[in-house]
A.B. asks: 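The structure that follows is given in the form of C-alpha cells.
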Amino acid sequence: MNRFLEKNIQFFRRSDEEFSLTDKTDNLACEVPISLVYNGIAHTVMMATPQDLADFALGFSLTEGIIEQPQEIYGIDVVEVCNGIEVQIELSSRRFMALKEHRRTLTGRTGCGICGTEQIDQVYKKLTPLEQHLKVNPQQLDQCLETLQAHQELAQITGATHAAAFFTAEGEMLAIREDVGRHVALDKLLGWHAKAGKPQGFVLVSSRASYEMVQKSISCGIEMLAAISAATDLAVAMAERYHLTLLGFVRPGRANVYCGSERLTKD
C-alpha cells in the first residue's frame, strides 16, 4: 500500500485584495486503519501510515507491555484487507493468556494513543527506573537536527508526518521512522531498536514530548528523549521519576533540559 497519494486540488492565492483559484497536484500522506490481531483476536485499531508495520507491531507490543522480549513474538504477517490492513501477530501462549486477562480496547486516532482506555489506572504503567550508561555531547545536537530534517522523506513530500530517529552517543543516525501519528512513529522506531539488539543512544522526535512519548521511551530502556517541541508537566514528572533525560524545544545551539542533565557532557 502506498505511503502517499497524488490528488488534484485547487490552489488559493490572494494579492491586492483579489484572489484566484488554480488547479494543481498535491501529495497526501496515506492514513489507513491498522488492525493489530494477536493469535487471531483483534486487539486494537490505530490510524497510521502503511509502512514499517512489522516494526510498529513489535514496538507497540513492547510499549504496551504485551510482551517483554521480542522473542515472545513468533511471527508477524501484514495482510491488506478491504478497508485497511491487518497485522497478524503470533504470541507465545503465556503472553497471549496474559493479554486476554488484561485486555483493553483502544480507539485509534492520529496523535492519541490512549483514547478508549477503559480505566484511568491503565494509563499509568509500572516502569523500571533507567540506569545511567549514556553520555551525550550536546554540541552534537545541531548536526542531529540537520540529519533528522534531511531524512524526513515523507514529510518533505507531504508535509503531514512526524518522525522519530535514533542516534548513537556520537551523533550517528542509525534509524528513522515516519508516520502521521507521533506515537506510531515512535513505536515503529522502538520496534526497530528492539530488533537491532537495543543499541545505546538517544531518540530525537519532530513533535512535542507528551507523557506517553516519555513512557514508551522508558519502557524500552531509552535513556534520553529529545523533542523539537515542548514537554508537558506529566511528561517531565515521569521523566524525573524514572531518571530519563528529557529535552524540549531543541533548536540549533539551544534546548530546554527538563531533567537528567548529568547525561550531557562535553567529554
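The analysis underlying the following values was restricted to heavy atoms, covering all of them including side chains, and did not include hydrogens, waters or symmetry mates. Position 1 is the first residue of the sequence, and the numbers go up from there.
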A.B. asks: Do any N or O atoms from the side chain of His193 and from the backbone of Leu189 form a donor-acceptor pair under 3.5 angstrom?
C.D. replies: no
A.B. asks: Which pairs with one or both residues in residues 136-151 pass salt bridge (charged side-chain N to carboxylate O under 4.0 Å, His left out), sequence neighbours excluded?
C.D. replies: none
A.B. asks: Nearest 0.5 Å, please: how far is NE2 in His243 from CZ in Arg241?
C.D. replies: 10.0 Å
A.B. asks: Less than 4.5 Å apart, any side-chain heavy atom of Gln88 and any of Val79?
C.D. replies: yes
A.B. asks: Should we say atom CD of Glu131 is surrounded by more than 12 heavy atoms from elsewhere, each under 6.0 Å from it?
C.D. replies: no
A.B. asks: Applying side chain to side chain contact (heavy atoms under 4.5 Å, CB included), run through Thr25 and Lys7 and close with a yes or a no.
C.D. replies: CA-CA 6 Å; Thr25 300; Lys7 183 173 178 61; over 6 Å; no
A.B. asks: For Arg3 and Thr158, what are the C-alpha separation, side-chain angles and deciding distance, and is it a side-chain hydrogen bond (donor to acceptor under 3.5 Å, both in side chains)?
C.D. replies: CA-CA 10 Å; Arg3 298 183 303 160; Thr158 68; over 6 Å; no
A.B. asks: Just wondering, are more than 12 heavy atoms of other shown residues or ligands nearer than 6.0 Å to CZ in Arg251?
C.D. replies: yes
A.B. asks: Atom CE of residue position Met1 - does it have more than 12 heavy atoms of other residues, nucleotides or ligands inside 6.0 Å?
C.D. replies: yes
A.B. asks: So, Thr168 side chain and Glu170 main chain: donor-acceptor pair closer than 3.5 Å or not?
C.D. replies: yes
A.B. asks: Transitively linked via ILVMFWY side-chain contacts under 4.5 Å: Val184 with Ile157?
C.D. replies: no
A.B. asks: With rounding to the nearest 0.5 angstrom, report the CD to SG distance, Gln139 to Cys144.
C.D. replies: 12.0 Å
A.B. asks: Would the number of heavy atoms belonging to other residues, nucleotides or ligands and lying under 6.0 Å from CZ of Phe19 be above 12?
C.D. replies: no
A.B. asks: Would you indicate whether the side-chain heavy atoms of Gln10 and Asp23 approach each other to under 4.5 Å?
C.D. replies: yes
A.B. asks: Do the non-hydrogen side-chain atoms of Ser219 and Leu62 ever get within less than 4.5 Å of each other?
C.D. replies: no
A.B. asks: Does some side-chain heavy atom of Val214 sit less than 4.5 Å from a side-chain heavy atom of Leu246?
C.D. replies: yes
A.B. asks: Shared ILVMFWY cluster between Phe4 and Ile85, side chains joined below 4.5 angstrom?
C.D. replies: no
A.B. asks: Quick one, Leu225 and Thr245 - any side-chain contact, counting heavy atoms below 4.5 Å?
C.D. replies: no
A.B. asks: How long is the span from the CD atom in Glu64 to the CG atom in Leu99, to the nearest 0.5 Å?
C.D. replies: 10.5 Å
A.B. asks: Would you check if Leu28 and Asp26 make a side-chain contact, meaning some heavy-atom pair closer than 4.5 Å?
C.D. replies: yes
A.B. asks: Taking Val37 as the starting point, is it possible to reach Ile66 by hopping between hydrophobic residues whose side chains are less than 4.5 Å apart?
C.D. replies: no
A.B. asks: So Trp192 and Leu174, do their side chains get closer than 4.5 Å, heavy atoms only?
C.D. replies: yes
A.B. asks: Ignoring hydrogens, what is the shortest heavy-atom contact between Thr49 and Cys30? Give both atom names and the distance.
C.D. replies: OG1-O, 3.3 Å
A.B. asks: Do you know which two heavy atoms are closest between Ala57 and Ile76, and how far apart they sit?
C.D. replies: CB-CD1, 4.1 Å
A.B. asks: At what distance, to the nearest 0.5 angstrom, does CD of Gln215 lie from NE2 of His183?
C.D. replies: 10.0 Å
A.B. asks: For residues 187-197, which residue pairs pass the salt bridge (charged side-chain N to carboxylate O under 4.0 Å, His left out) check, not counting sequence neighbours?
C.D. replies: Asp55-Lys195, Asp179-Lys188, Asp187-Lys216
A.B. asks: What closest approach, in Å, do Tyr242 and Leu127 show between heavy atoms, and which atom pair accounts for it?
C.D. replies: CE2-O, 3.3 Å
A.B. asks: Would you find more than 12 non-hydrogen atoms of other residues, nucleotides or ligands less than 6.0 Å from Glu153 atom CD?
C.D. replies: no
A.B. asks: Which atom pair, heavy atoms only, marks the closest approach of Ser210 to Arg182?
C.D. replies: OG-NH1, 3.0 Å
A.B. asks: Please, which pairs that meet salt bridge (charged side-chain N to carboxylate O under 4.0 Å, His left out) have at least one residue in residues 221-231, sequence neighbours excluded?
C.D. replies: Glu223-Arg263
A.B. asks: I'd like to know whether CD of Glu262 has more than 12 heavy-atom contacts from other residues, nucleotides or ligands below 6.0 angstrom.
C.D. replies: yes
A.B. asks: Just verifying a value: how many Å separate Leu130 CG and Ile218 CD1, rounded to the nearest 0.5 Å?
C.D. replies: 5.5 Å
A.B. asks: Any donor-acceptor pair under 3.5 Å linking the side chain of Ser206 with the backbone of Ala163?
C.D. replies: yes
A.B. asks: Could you please spell out the steps behind the ring pair (Phe, Tyr, Trp, His ring centres under 6.0 Å) verdict for Phe96 and Tyr38?
C.D. replies: CA-CA 7 Å; Phe96 183 57; Tyr38 291 92; 8.1 Å; no
A.B. asks: Looking only at heavy atoms, what is the nearest atom pair of Phe60 and His43, with distance?
C.D. replies: CE2-CD2, 4.0 Å
A.B. asks: Run the side chain to side chain contact (heavy atoms under 4.5 Å, CB included) test on Leu5 and Asn27 for me, step by step, so that the C-alpha distance in whole Å, both residues' side-chain angles and the decisive distance to 0.1 Å come before the verdict.
C.D. replies: CA-CA 6 Å; Leu5 296 174; Asn27 295 315; over 6 Å; no
A.B. asks: Ignoring hydrogens and angles, tell me if any N or O in the side chain of Thr161 forms a donor-acceptor pair with the backbone of Val180 under 3.5 Å.
C.D. replies: no
A.B. asks: State plainly whether one hydrophobic cluster holds both Val32 and Leu154, where clusters connect Ile, Leu, Val, Met, Phe, Trp and Tyr through side-chain heavy atoms under 4.5 angstrom apart.
C.D. replies: no
A.B. asks: Going by the side chain to side chain donor-acceptor pair (under 3.5 Å) test, which pairs reach into residues 65-75, not counting sequence neighbours?
C.D. replies: Glu68-Arg95, Glu72-Arg94, Glu72-Arg95
A.B. asks: Rounded to the nearest 0.5 Å, what's the gap from CG on Leu36 to OG on Ser61? Could you check?
C.D. replies: 7.0 Å
A.B. asks: Which residues satisfy the side-chain hydrogen bond (donor to acceptor under 3.5 Å, both in side chains) test with Ser207, sequence neighbours excluded?
C.D. replies: none
A.B. asks: Specify the closest pair of heavy atoms between Thr63 and Cys220, including all atoms of both residues, with the distance to one decimal.
C.D. replies: CG2-SG, 3.8 Å
A.B. asks: Is there a path of hydrophobic side-chain contacts, each under 4.5 Å between heavy atoms of I/L/V/M/F/W/Y residues, joining Ile41 to Val78?
C.D. replies: yes
A.B. asks: Quick check on Lys24: does its NZ atom have over 12 non-hydrogen neighbours (other residues, nucleotides or ligands) under 6.0 Å away?
C.D. replies: yes
A.B. asks: Show, in sequence, the C-alpha distance, side-chain angles and deciding distance for Ile222 and Leu190, and conclude whether the side chain to side chain contact (heavy atoms under 4.5 Å, CB included) test is met.
C.D. replies: CA-CA 9 Å; Ile222 301 298; Leu190 295 176; 3.8 Å; yes
A.B. asks: Do the side chains of Val236 and Tyr211 get nearer than 4.5 Å, heavy atoms only?
C.D. replies: no
A.B. asks: Who else is in Leu141's hydrophobic cluster (ILVMFWY, side-chain heavy atoms under 4.5 Å, direct or via others)?
C.D. replies: Leu134, Val136, Leu145, Leu148, Phe167, Met173, Ile176, Phe202, Leu204, Met224, Ile228, Leu247, Val250, Val257, Leu264
